Amino acid sequence: MNRRALLLLAAALAAVVAMVAVVVVWQGSDGDGAGPAGRTTSTPPASAAPSTSAALVGTPGEPGVGDPYFPGLGNSGYDVDHYTLDLTWRADEGVLDGVTTIEASATQDLARFNLDLSGMKVRAVTVGGSAAEVEREDRELVITPASVIPEGEAFTTTITYSGRPEPVSEGTTLFDVGWQTDGREAFVVSEPSGAATFFPVNDHPTDKATYTFRVTAPADQVVAANGLLASKDDIGHGTTSWTYEARDPMASYLVQIAIGDYELVDAGEVDGVVVRHAFHRRVAAAARVTTEGTADMIRLLGDVYGPYPFEAYGVLAVDENLGFALETQTLTLIGTSTARQGRNADIILLHELAHQWVGNAVSPASWMDIWLNEGFATYTEWLYAERTGGPAAADMARAFEGVGELDLPAGDPGAEELFSSTVYTRGGMTLQALRERVGDEDFFLILRTWVDEHRDGAASTTDFIALAERVSGEELGELFEAWLYADRLPSLD
Ligand code: TRP
Ligand code: ZN
């Protein structure tokens, strides 16, 4: 684990959290609420946003699906339906043995195709049961099947591999992402590009799939993963095999697999959603208290965004002082300091829960659209304050007026600034500006429709602007241009 980078990120995120805390303290709860700002409507062009990524199209056999920030991520020519990850974790050696089975269909005739894989030694590849040729080119696996796969055909690829997974840096992320281990436990921190450190994958949120995880680990270890536990078998030699099924389509950066000394906690059901957690034994007692608000939060966000979008939810508390949290699908990752914060962690947990709707059910069509994740989750924090006796979102947003670092465009921050404060805070302020322009009724209808129309898929900023204009009947190009793309932070006045 790269601890220096980790601390930097922790400090950056803590600063954001601290600012929000300050706002809560000094704004009190008597703000005068949000409302239409009474701005006059000129007639700007409908689509002022740069057309980012409504449909990224690459070329099969070329590295990358055409993401403007991460050109190497993802591949084209096929669409993955389901991954089966068969993993054996040899904890004492830090070695992972894997067989990944990928069920996909060809979106055009495929003489060859790519997968993303970083490190690991590939031992064999089959396509449709026959041996296929494989070459390594940097972080790409180039696979040539024995015969061309015709457009529209479903095909199954198996990759047998092994090695010590090494986290990767894009040169642009603060943090080396991927499989993390300190020799005692292992878990995953992938956003945006770490999934390929532990399995061959079409590593871009535009290609979601369902997953089966079959993880073999020492019998004294517990495995947790996205979705629900389907079976657990003692397979001899002091090892146990755990099978998890994640039935909701998922972007690869949201995969979670954790192996350690966890307590699996059944926390009942909320409106048909299974709530279950995995707490490392060293923080389990504290984490129970810290996560007590989960059911209420699921209900509250259900009111904002519509029904919780997945089969399950819960928190994975690992035995590592992370200083950040990550919204891995159906199973949010937190570290020891958060697990020990009690109800002071509510706002962090609320943020990660919000991502299950905005980011996970509706994923960014390109990494340039990251404000659709982080700006929305930040705005949801402000809504939560507003709905639980705290300051109005309008006041929370105004507390950031004039902050210099928000002069960076939230809608195109650059890959190096993917998770900088502008993406979170100016992104959130953008939604407040929209709310004041279209009024509460249309604003909340836009939020619910956004999730309803794009769940299980990926959507772009252009899609969001089009939806906001359709629901409100207003031309909003100028508003989004100023809030997302101008060099200076606008004022809410
Ligand atoms: N998505 C995380 C959040 O909820 C932040 C994040 C993005 C992150 N990439 C990460 C955290 C990599 C740790 C490591 O704000
Ligand atoms: Zn977030």
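All figures in this text were calculated on a predicted structure; none of them were measured in a lab. As the structure lists them, so they are numbered: ligands from 1, and atoms in each ligand from 1.
- Each of the following atoms of ligand 1 lies closer than 4.0 Å to a heavy atom of His351: 3 (C), 4 (O), 15 (O).
- Salt bridge Arg90/Asp97: present, at least one basic N to carboxylate O contact under 4.0 Å.
- Rounded to 10°, the angle that NE2 of His355 and OE1 of Glu374 form at the Zn ion (ligand 2) is 100°.
- Proximity of Pro192 to ligand 1, defined as any heavy-atom pair under 4.0 Å, is not found for any part of the residue.
- Per-residue contacts place Glu327 under 4.0 angstrom from the following atoms of ligand 1 (heavy atoms of the residue considered): 1 (N), 2 (C), 3 (C), 4 (O).
- Within the 2.8 Å limit, Glu352 places no N, O or S atom next to the Zn ion (ligand 2).
- Salt-bridge annotation for Glu386 and Arg435: present, with a side-chain N of the basic residue lying under 4.0 Å from a carboxylate O of the acidic one.
- Numbered from 1 in the order shown, with element, the atoms of ligand 1 that lie under 4.0 Å from a heavy atom of Val189 read 12 (C), 13 (C), 14 (C).
- Among Tyr305, Phe443, Trp371, the single residue meeting the ring-ring contact (aromatic ring centres under 6.0 Å, His included) criterion with Tyr379 is Phe443.
- Using a 4.0 Å cut-off between a side-chain N of Lys or Arg and a carboxylate O of Asp or Glu, Arg398 and Asp395 do not qualify as a salt bridge.
- Listed by number with element, the atoms of ligand 1 under 4.0 Å from a non-hydrogen atom of Glu191 are 1 (N), 2 (C), 6 (C), 7 (C), 9 (N), 10 (C), 12 (C).
- Taking the six-membered ring where tryptophan is involved, the planes of Trp367 and Tyr253 are perpendicular, since the angle between them exceeds 60° and thus also 30°.
- The pair Asp266-Arg276 fails the salt-bridge criterion, with no side-chain N (NZ, NE, NH1 or NH2) lying under 4.0 Å from an Asp/Glu carboxylate O.
- Which parts of ligand 1 touch Ala325 is read off a 4.0 Å heavy-atom cut-off, strictly below it: atoms 2 (C), 3 (C), 4 (O).
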